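Structure record follows, encoded as structure tokens.
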Protein chains: 2
Amino acid sequence: MMDLLTRREEIILLSVWKLKDGAYGMSIKDHVSQVTGKKWLFGSIYTPLEKLLEKGYLISEKGEPTPERGGRAKVFFILTGEGLDALKNLQKIYEFLWDDIPALEVR
Amino acid sequence: MMDLLTRREEIILLSVWKLKDGAYGMSIKDHVSQVTGKKWLFGSIYTPLEKLLEKGYLISEKGEPTPERGGRAKVFFILTGEGLDALKNLQKIYEFLWDDIPALEVR
DNA sequence: CAAATATTCTCCTTTATCGAATACATGTAT
DNA sequence: ATACATGTATTCGATAAAGGAGAATATTTG
């Protein structure tokens, strides 16, 4: 073990996928905070993003600055084929792990 | 962030649940290795098990030694109500995260 | 005491967490 | 026009927690 995605890598990768062409640091931070119901800070976003770039699961692309007052240029992130494969691999493992756990669904 | 289960905690907690009254170090190790398709070592099992006890997600129970030649007594693990809640919480987050990701399902 | 099974321990690397510091673009007052 | 204020976004750095590998130790029976 274990070349599986870490928890944060999983959550961030899925967020990038969901946000499509609008995935950059801040929007990812907001999205994962909303989804998980907890407040995420910068460090918890940019560090794994960096790692995901290294692994080739994401690529980044410098965007234009916002035309509003203030607004440093965003860095957008896009899921690669390898990133998608990593998610598929995880999904397959989840099938085995979570399948046949009926008692959890009753509440 | 983040009081969410870590990846290993999740996998091990689910394995304990699946193995019912037969969950102890070695059987958990074999189960997670089989499910994830990777070889897990002792350190990757007993350390998080200890953590899960501390968190109250598991309780342990000393078993009888195996009647075969050799066989130190096993320590069995049982999921608590809190442990089940932690899994349910994770399951709920997965719903949001993984829902509406149709492209992943094609393969 | 030999052999088999199970767990504990130790060392080291990698992730995770938090928030201050910095960068960058634009509005505004002089 | 130019300095400074303001709003957005990212980089950095320090510390804590989790992950990873496998040797060492304990326990039980032949």
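Since the structure is predicted, the reported quantities are computational estimates derived from the model, not experimental observations. Lettering of chains follows the sequences in order, A, B, ..., and the numbering in each one begins at 1.
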For atom [atom1] of [X] and atom [atom2] of [N], their distance in whole Å:
| X | N | atom1 | atom2 | value |
| --- | --- | --- | --- | --- |
| B:D3 | D:dA18 | CG | P | 11 Å |
| A:L52 | C:dT14 | CG | P | 16 Å |
| B:F76 | C:dT7 | CZ | P | 8 Å |
| A:M26 | D:dT11 | CE | P | 10 Å |
| A:E50 | C:dT14 | CD | C1' | 15 Å |
| A:R72 | D:dT6 | CZ | C1' | 16 Å |
| A:W40 | D:dA9 | CH2 | P | 19 Å |
| B:R7 | D:dA17 | CZ | P | 21 Å |

Linking I/L/V/M/F/W/Y whenever their side-chain heavy atoms sit closer than 4.5 Å, directly or via other members, would B:L14 and A:F96 fall into one cluster? yes
Within the structure shown, what part of the strands sits under 4.0 Å from B:G71 by heavy-atom distance: base, sugar-phosphate, or nothing?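 Result for B:G71 = base.
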In the structure I gave you, are the side-chain heavy atoms of [X] and [Y] within less than 4.5 Å of one another anywhere?
| X | Y | result |
| --- | --- | --- |
| A:Y24 | A:L19 | no |
| B:M26 | B:F42 | yes |
| A:V75 | A:L49 | no |

Given that A:K62 and A:G43 both sit by DNA chain C, which one's nearest nucleotide is further toward the 5' end?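 It is A:G43 whose nearest nucleotide is closer to the 5' end.
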Is there a side-chain contact between [X] and the phosphate of [N], meaning an N or O under 4.0 Å from OP1 or OP2?
| X | N | answer |
| --- | --- | --- |
| B:R8 | D:dG19 | yes |
| B:K74 | C:dT5 | no |
| A:Y24 | D:dA9 | yes |
| A:Y46 | D:dT11 | no |

Evaluate the ring planes of B:Y94 and A:Y94, with Trp represented by its six-membered ring, and classify them as parallel (under 30°), tilted (30 to 60°) or perpendicular (over 60°).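 Because their plane-to-plane angle lies in the 30° to 60° range, the rings of B:Y94 and A:Y94 count as tilted.
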Looking at the side chain of B:A73, which of D:dT28, D:dT11, D:dA21 is the nearest nucleotide?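 Of all the options, the side chain of B:A73 is nearest to D:dT28.
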Both B:F42 and B:T47 contact DNA chain D. Taking the nearest nucleotide for each, which residue is further toward the 5' end? B:T47
